[in-house]
Amino acid sequence: MNAIIAQLKDCFEQALVAAFGSEFAGTDPILVPASNPKFGDYQCNVAMSLSKRLGKNPREIAAAIVEHLNVDDLCEPPSIAGAGFINLTLKPAYLEAQLRQMQTDSRLGIAPTKYPKRTIVDFSSPNIAKEMHVGHLRSTIIGDSIARVLEFLGHDVLRINHLGDWGTQFGMLITHLKQAYPEALTTANALALGDLTTFYKQAKQRFDEDEAFRETSRLEVVALQAGNPETLKAWHLLCEQSFLAFQEIYELLNIKITNRGESFYNPLLAGVVEDLAKLGLLVEDQGAQCVFLEGFTNKEGDPLPLIIQKSDGGYNYATTDLAAIRYRTQQDQAERIIYVTDAGQANHFMQVWQVARRAGWVPENVELVHVPFGLVQGEDGKKFKTRSGDTVRLRDLLDEAVSRARQDLETRLEAENRQETEEFKAHAADVVGISAVKYADLSQNRTSNYIFSYDKMLALQGNTAPYMLYVYARINGIRRKGDIDFEQLGANYPIVLQEELELTLAKHLLGFDEILSAVEADLMPNRLCQYLFELSQKFNQFYDRCPILQAAEPQRTSRLILADLTARTVKLGLSLLGIAVLERM
RNA sequence: GCUCCAGUAGCUCAGUGGAUAGAGCAACCGCCUUCUAAGCGGUCGGUCACAGGUUCGAGCCCUGUCUGGAGCGCCA
């Protein structure tokens, strides 16, 4: 609907053909937002790039384009500046009409995609019998946000939790369970593993110290692979306990995800090996079944193998990942498969994908994407740990954020002499605390490491969740004060954009769809954060200098509409980041 | 040794081949009898790691170097 830039591009493509002939059809007009507001709103840089091809100087070319350009409905007359830039400024009347459309649309003028893709977002992926820790934070938050954006744009998204629920470590876990909690296998609901981490550590410790325990564990792995009912029951109990613990975290974070762990692909692994052998890709090396990779070498410079089946006959994660790719392309019919994992797995994915492609399991139209992210570091720049040096449990991390948000809130209420109910305080602290954690993570370019700081993420000023939540609450303050019903606003008054700050805000509001398209393509939620932060700043500037409730009509209603659109955009934008809003805070 | 990622203001970070590289924080100076000052305005702050190259134009693309991080055969 808005798609301002798309409309302008069309105009320029037509002008290029009209000016220079049909062989210029499809030339990218290099239309981008203006680098500086003094140049207008958009600039076309195509004239410089055509200079050599046309044998003319760029300003001449720009003039010829402008002569054939028809953007009268959208823009003021274009101007040519500098080396041959064509500068465009949107007409207030056009902006007003666009805002009106945005106002009357529950999707704020953002059309669903014309090309919905079956998409898998593979994220979070904790391990059974271990608690979720800080290492799962980024995948969970970033993956959820990417899924939300794609869902909103109309893609058919499968959110997959590729849980670590299979493999050799289950030998020791099952053995420990059977020995330490024998009643769990015979009595329903007898098992309540309050602390999975302790359970895991105990099992690990016995595994490391006790030869007999190790041998039993090894046999349990075999029994598990063979489908022994008692072993499977123990495995199942461990999974169930873990799901409960994970679910608590997902509810706290308001995240929906479908569990489909590594065990799901277990029955398919033998087929993967078989088919790779049939395709002639498999080579036995030192007893293991391998595919030798193109473009990867080991320390000696020899081709690097990807091990598909270990020398003991067992499978490893490459096998599982291959089975998953095949299942996702063939059974799920996925066209875009997005893996949200730490950057350290980049090599692994390149290797597995190469094999999957060589095996013909990835059709041409299917896109495999790794969405890498950096490590979470403490304020000292080292790996984020507790004071005692342990890994930080996700639960504790979130509780701490909420508790700090609660303290900030209490302090402020006291300073302002406000009385609020316990319910209000608890809810506000929850929303602010969780939002702060999510926003701090999402607002950074995910490829770099991320320094975790409660103080910075909970700060009331700067590019933080509280700053944006405040804008939303502030607009609701106006609504309450003026007793305004935003739903019934303004059919009887026009939208009028006169003040510079009104125009700036309006233009920013209308750029929302372009940002979502960018996030859809490059899967960088920090762009959405940047957009919302700039929107909040622009609203606050507008609010600071343009009276709303005290203004005379039609300005009053017009400004209320700008406020309403800002609130709705902030609410929608934050929801796509997985962040809730507060009417008051 | 090889592969991948990063290097931009004192700190934390944005930056889509385009014009004079931007925010926030910190520091300093202003603005509340006026819709929530959790706000707004201003000042200060730069060898975009380094050296070449491509281009009309490079923080961005290419090559090399340096620094930091991650990974590199039977863990995931």
Side-chain angles (χ1 to χ4, degrees), chain A residues 30 32-36 38-39 43 45 47-52 57-58 81-85 87 125 127 162 164 166-169 262 285-290 295-301 304-312 314-318 320-321 341-348 350-351 372 374-375 377 379 381 408 412 416 440 443-445 447-451 453 455-456 459-464 466-467 469-471 473-482 518 522 526-527 529-530 533-534 536-537 539-545 547-551 559 563 584-585:
Chain A
I30 318 184
V32 294
S35 58
N36 187 317
K38 78 178 183 195
F39 299 133
Q43 62 185 54
N45 303 328
M48 285 82 79
S49 71
L50 291 178
S51 178
K52 196 165 266 184
N57 82 56
F85 300 97
N87 291 333
S125 310
N127 294 317
H162 193 77
W166 200 256
T168 46
Q169 79 273 20
E262 292 167 354
D285 192 73
Q286 297 171 33
Q289 298 297 320
C290 309
F296 292 90
T297 53
N298 63 16
K299 286 166 192 165
E300 283 74 44
L304 194 70
L306 185 68
I307 293 176
I308 306 297
Q309 188 169 25
K310 299 188 284 184
S311 50
D312 68 0
Y315 305 108
N316 60 16
Y317 73 135
T320 308
D321 281 355
T341 76
D342 67 277
Q345 294 192 48
N347 272 320
H348 166 68
M350 286 198 293
Q351 296 173 358
L375 304 170
Q377 299 173 318
E379 292 187 70
D408 286 351
R412 194 162 49 80
E416 294 175 6
S443 61
Q444 296 225 6
N445 183 324
T447 51
S448 44
N449 291 342
Y450 157 49
I451 294 185
S453 160
D455 288 337
K456 283 191 176 162
L460 307 165
Q461 51 283 117
N463 189 3
T464 65
Y467 178 84
L469 291 173
Y470 176 62
V471 164
R474 203 169 203 191
I475 295 170
N476 274 281
I478 300 170
R479 179 179 57 73
R480 283 189 300 272
K481 177 117 182 178
D522 63 23
N526 63 304
R527 290 184 165 224
C529 296
Q530 189 69 27
F533 177 54
E534 286 168 7
S536 301
Q537 283 183 313
F539 178 79
N540 277 329
Q541 290 160 4
F542 160 75
Y543 174 89
D544 192 50
R545 277 180 267 168
I548 300 174
L549 292 174
Q550 289 92 333
R559 287 179 177 172
R584 290 196 305 126
M585 58 190 288

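Every value quoted in this text rests on a predicted model; they were computed, and no experiment measured them.
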Tell me: CD1 of A:I478 to P of B:A37, nearest whole Å? 10 Å

Sticking with atom C1', work out how far B:A26 lies from B:U63, rounded to a whole angstrom. 40 Å

Side-chain atoms of A:N540 come closest, of B:C35, B:U16, B:C40, to B:C40

Polar side-chain atom of A:N449 near backbone of A:G374 as donor-acceptor pair, under 3.5 Å: no

If you measure only the distance, is there a donor-acceptor pair under 3.5 Å linking the side chains of A:N445 and A:T447? yes

A:S51 side chain vs A:M48 backbone, donor-acceptor pair below 3.5 Å: no

Expressed in angstrom and rounded to an integer, what is the separation of A:I451 atom CD1 from B:C25 atom P? 18 Å

Does B:G39 have OP1 or OP2 sitting under 4.0 Å from an N or O in the side chain of A:Q461? yes

Under 3.5 Å side-chain donor-acceptor pair for A:N540 and A:Y467: yes

Side-chain donor/acceptor of A:R559 to backbone N/O of A:P547, under 3.5 Å: yes

Do A:Q309 and A:Y315 touch side chain to side chain, with heavy atoms closer than 4.5 Å? yes

On a whole-Å scale, what distance lies between the P atoms belonging to B:C4 and B:C61? 14 Å

Given B:C35, is OP1 or OP2 found less than 4.0 Å from the side-chain N or O atoms of A:R480? no

Please report, rounded to the nearest Å, how far the C1' atom of B:G57 is from the CG atom of A:L50. 14 Å

Side-chain N or O of A:S448 less than 4.0 angstrom from OP1 or OP2 on B:A14? yes

Check whether any side-chain nitrogen or oxygen of A:N476 sits under 4.0 Å from OP1 or OP2 of B:U36, and answer yes or no. no

Could you state the CD-C1' distance from A:E534 to B:U16, rounded to the nearest angstrom? 13 Å

Determine the Euclidean distance between corresponding C1' atoms of B:C32 and B:U36; express it in Å to zero decimal places. 11 Å

With respect to the phosphate group of B:G18, does any side-chain polar atom (N or O) of A:S35 fall under 4.0 Å of OP1 or OP2? no

A:N45-A:Q43 side chain donor-acceptor pair, cut-off 3.5 Å: yes

pair A:K456-A:I451: side-chain heavy atoms closer than 4.5 Å: no

Closer than 4.0 Å, any side-chain N/O of A:K52 to the OP1 or OP2 of B:C56? yes

Find the distance between CZ (A:R474) and CG (A:L469) and round it off to the nearest 0.5 Å. 14.0 Å

Pick one for B:C32: is it syn, with its angle within 90° of 0, or anti? syn

Would one find a side-chain N or O of A:N463 under 4.0 angstrom from OP1 or OP2 of B:C13? no

For every nucleotide of nucleotides 68-76 of chain B, 5' to 3': is a protein heavy atom under 4.0 Å from its base (B), only from its sugar-phosphate (S), or from neither (-)? --S-SBBSB

Roughly how many Å is it from CG in A:N45 to C1' in B:U55, rounded to a whole number? 14 Å

Please state how far atom CG in A:D522 lies from atom C1' in B:A14, giving the value in whole angstrom units. 13 Å

Dot-bracket for RNA chain B, 5' to 3', counting Watson-Crick or G-U wobble pairs under 3.5 Å, with [ ] for crossing pairs and | for inter-strand pairs? (((((((..((((....[...)))).(((((.......))))).....(((((..]....))))))))))))....

Check for a donor-acceptor pair, side chain of A:N463 on one end and backbone N or O of A:Q530 on the other, with a separation under 3.5 Å. no

Please measure how far the P atom in B:A51 lies from the corresponding atom in B:U47, and state the result in whole Å. 12 Å

Which residue lies more 5' along RNA chain B, comparing A:S536 with A:K481 via nearest heavy atoms: A:K481

Between B:G15 atom C1' and A:N36 atom CG, what is the distance in whole Å? 15 Å

Could you check A:C529 against A:F533 for side chain to side chain contact (heavy atoms under 4.5 Å, CB included), going step by step and ending with a plain yes or no? CA-CA 6 Å; A:C529 296; A:F533 177 54; over 6 Å; no

Give a yes/no verdict on base stacking between B:G18 and A:F85: centres under 5.5 Å, planes within less than 30° of parallel. no

